[in-house]
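Because only heavy atoms are used, hydrogens play no part in the values below, and waters and symmetry mates are left out as well, while side chains stay in. The model shown is predicted, which means the values in this text are computed figures rather than measured ones.
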Amino acid sequence: MSNSRNVFAPVSENLALHNSKLQQYPNGYVRTVCCSRAIFKDSFLEPVQPEKFQPKPKNSDNEPRADSIKRAKQKVFDIAMCNINVWQYFVTLTLNGKLIDRTDASAVYKSLATFLHNMSKRYNLVYLLCPEYHADGEAIHIHMLCSGDFKLADSGKRTKRGQIIYNLPQWSLGFSTAVKLEGDIQKICSYITKYITKDSKKIFGKFYLASNKGLIKKPVTVLTDCNYENIHCKEYFIPEAKAGFKYPDDSQVLIGDDYDVVMPDIFD
């Protein structure tokens, strides 16, 4: 029994929690996150005294909280980057008001879900998409990273860099554009997160939609510890976490709210 007690003894909190994590993506890019206190937990360990769950309050307008938006941006970035070698096209889908009520999120979602299901089944579509409202704040359109065996039609138009702008014939509910991805795909993975902002709403009940199959959803993550005070870069204090965060590389710049993403060549 004494051996069993040693094997199954609780792990002390200082061993179960760490203040840094490294996330590695398929293209070799490593994102480093350092926290002023130990908050990152090994998935297979539980602290001796875990913090009590505190429900996150919503603001008076029931709008998404800033921390919720940051998590969504990070998840979109993770999925985009984890599949950086998969994506072939950047697609935008709009809706024709004569064919569908493009202000009705339920109707749009139903039609979009049918389209995605059919495209996935027939053309092996894999996708990561973010819905967005037009400038009028009512009509919905879609931005999407995707790949598949579907055929595209030359629209006859070109980008400023001379790339072909295609149409997606399978999309029958409005206008579509598709551009083949070239150049720095990592910037494009960053670019799609710009559609999730402090003014974003969960149009379909969430900020984004992604294929259930064929995509890696999380990067390889290693937890470790660092001397937080010795890391000399900008600190971001998150009141909800009661902690400061530092990003000793360019990762926070890629997805931060205060950064204007430089448009890749294909969007010129």
Side-chain angles (χ1 to χ4, degrees), residues 23 25 31 33 43 53-84 86-87 89-95 100-121 125-148 168 171 173-174 176 188-219 221 238 240-241 251-252 254-257 261:
Q23 296 175 300
Y25 299 89
R31 176 178 185 262
V33 183
S43 59
F53 171 75
Q54 296 291 337
K56 295 182 178 180
K58 295 180 179 179
N59 64 27
S60 58
D61 297 322
N62 200 32
E63 296 295 325
R65 290 162 49 96
D67 54 338
S68 174
I69 292 172
K70 284 186 177 293
R71 284 196 304 273
K73 288 171 74 75
Q74 185 58 53
K75 287 180 180 179
V76 168
F77 181 76
D78 283 348
I79 297 172
M81 281 291 293
C82 282
N83 301 279
I84 193 170
V86 172
W87 311 123
Y89 308 104
F90 187 91
V91 173
T92 297
L93 305 174
T94 63
L95 297 155
I100 186 173
D101 183 353
R102 55 185 185 173
T103 66
D104 185 338
S106 296
V108 172
Y109 176 76
K110 183 177 180 180
S111 295
L112 179 63
T114 299
F115 167 77
L116 295 173
H117 173 76
N118 292 338
M119 289 289 289
S120 300
K121 187 174 181 179
L125 173 74
V126 290
Y127 60 88
L128 169 63
L129 67 82
C130 294
E132 184 186 32
Y133 284 114
H134 284 301
D136 62 11
E138 297 182 354
I140 299 168
H141 61 275
I142 311 296
H143 300 285
M144 177 168 65
L145 289 173
C146 66
S147 64
L168 192 62
W171 178 250
L173 293 176
S176 65
I188 299 169
C189 292
S190 170
Y191 175 79
I192 197 170
T193 68
K194 92 177 193 72
Y195 296 113
I196 301 174
T197 70
K198 62 184 179 180
D199 297 318
S200 294
K201 300 180 186 298
K202 296 182 178 180
I203 297 175
F204 300 141
K206 55 179 65 178
F207 290 111
Y208 67 93
L209 299 176
S211 297
N212 290 325
K213 297 181 180 180
L215 293 180
I216 301 170
K217 300 296 178 68
K218 295 181 180 180
T221 300
I238 309 298
E240 294 82 5
S251 59
Q252 183 64 9
L254 284 173
I255 62 172
D257 290 330
V261 176

Run the numbers on L215 and C82 for side-chain contact (heavy atoms from CB on, under 4.5 Å), then give the verdict. CA-CA 8 Å; L215 293 180; C82 282; over 6 Å; no

Assess whether side-chain contact (heavy atoms from CB on, under 4.5 Å) is satisfied between F207 and Y195, documenting all intermediate values. CA-CA 9 Å; F207 290 111; Y195 296 113; over 6 Å; no

Could you walk me through whether F77 and I79 satisfy the side-chain contact (heavy atoms from CB on, under 4.5 Å) test, starting with their C-alpha distance in whole Å, then the side-chain angles of each, then the deciding distance to 0.1 Å, before giving a yes or no? CA-CA 6 Å; F77 181 76; I79 297 172; over 6 Å; no

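Here NZ of K73 is found 13.0 Å from CG of D78. Values are rounded to the nearest 0.5 Å. Here the NZ atom belonging to K217 is positioned 10.5 Å from the NZ atom belonging to K75, to the nearest 0.5 angstrom. Residue I192 holds its CD1 atom at 4.0 Å from CG of L145, rounded to the nearest 0.5 Å. Between the CG atom of L168 and the OG1 atom of T92 there is a distance of 11.0 Å, given to the nearest 0.5 Å. We find the CD-CD1 distance between Q74 and I69 to be 14.5 Å, quoted to the nearest 0.5 Å.
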Using residues 129-138 as the side-chain source, report each donor-acceptor pair under 3.5 Å to any protein atom, sequence neighbours left out, with the distance given to one decimal.
residue, atom, partner, partner atom, Å
E132, OE1, H141, NE2, 2.8
E132, OE1, H143, NE2, 2.9
H134, ND1, H141, ND1, 3.1
D136, OD1, E138, N, 2.8
D136, OD1, A139, N, 3.1

Please tabulate, one pair per line, all N/O donor-acceptor pairs under 3.5 Å involving side-chain atoms of residues 110-121, not counting sequence neighbours.
residue, atom, partner, partner atom, Å
S111, OG, A107, O, 3.4
T114, OG1, K110, O, 3.1
N118, ND2, T114, O, 3.3
S120, OG, L116, O, 2.7
S120, OG, L125, O, 3.4

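Residues satisfying the side-chain hydrogen bond (donor to acceptor under 3.5 Å, both in side chains) criterion with N83, sequence neighbours excluded, are absent altogether. Taking the ring-ring contact (aromatic ring centres under 6.0 Å, His included) definition, one finds that Y127 meets it with nothing, sequence neighbours left out.
A distance-only check finds no donor-acceptor pair linking the side chain of W171 to the backbone of L93 [under 3.5 Å]. Checked by atom type and distance alone, the side chain of R102 pairs as donor or acceptor with a backbone atom of L95 at under 3.5 Å.
Shown here for V126 and W87, the closest heavy-atom pair between the two residues is O-CZ3, 4.0 Å. In terms of heavy atoms, C189 sits closest to A80 at SG-O, 3.4 Å.
Surrounding NZ of K206 are at most 12 heavy atoms belonging to other residues, nucleotides or ligands under 6.0 Å away.
Judged purely by distance below 3.5 Å, without hydrogens or angles, the side chains of Y109 and D104 never pair a donor atom with an acceptor atom.
Using a 4.5 Å heavy-atom threshold, the side chains of P219 and T221 count as touching.
Ring pair Y208/F204: centre-to-centre distance not below 6.0 Å.
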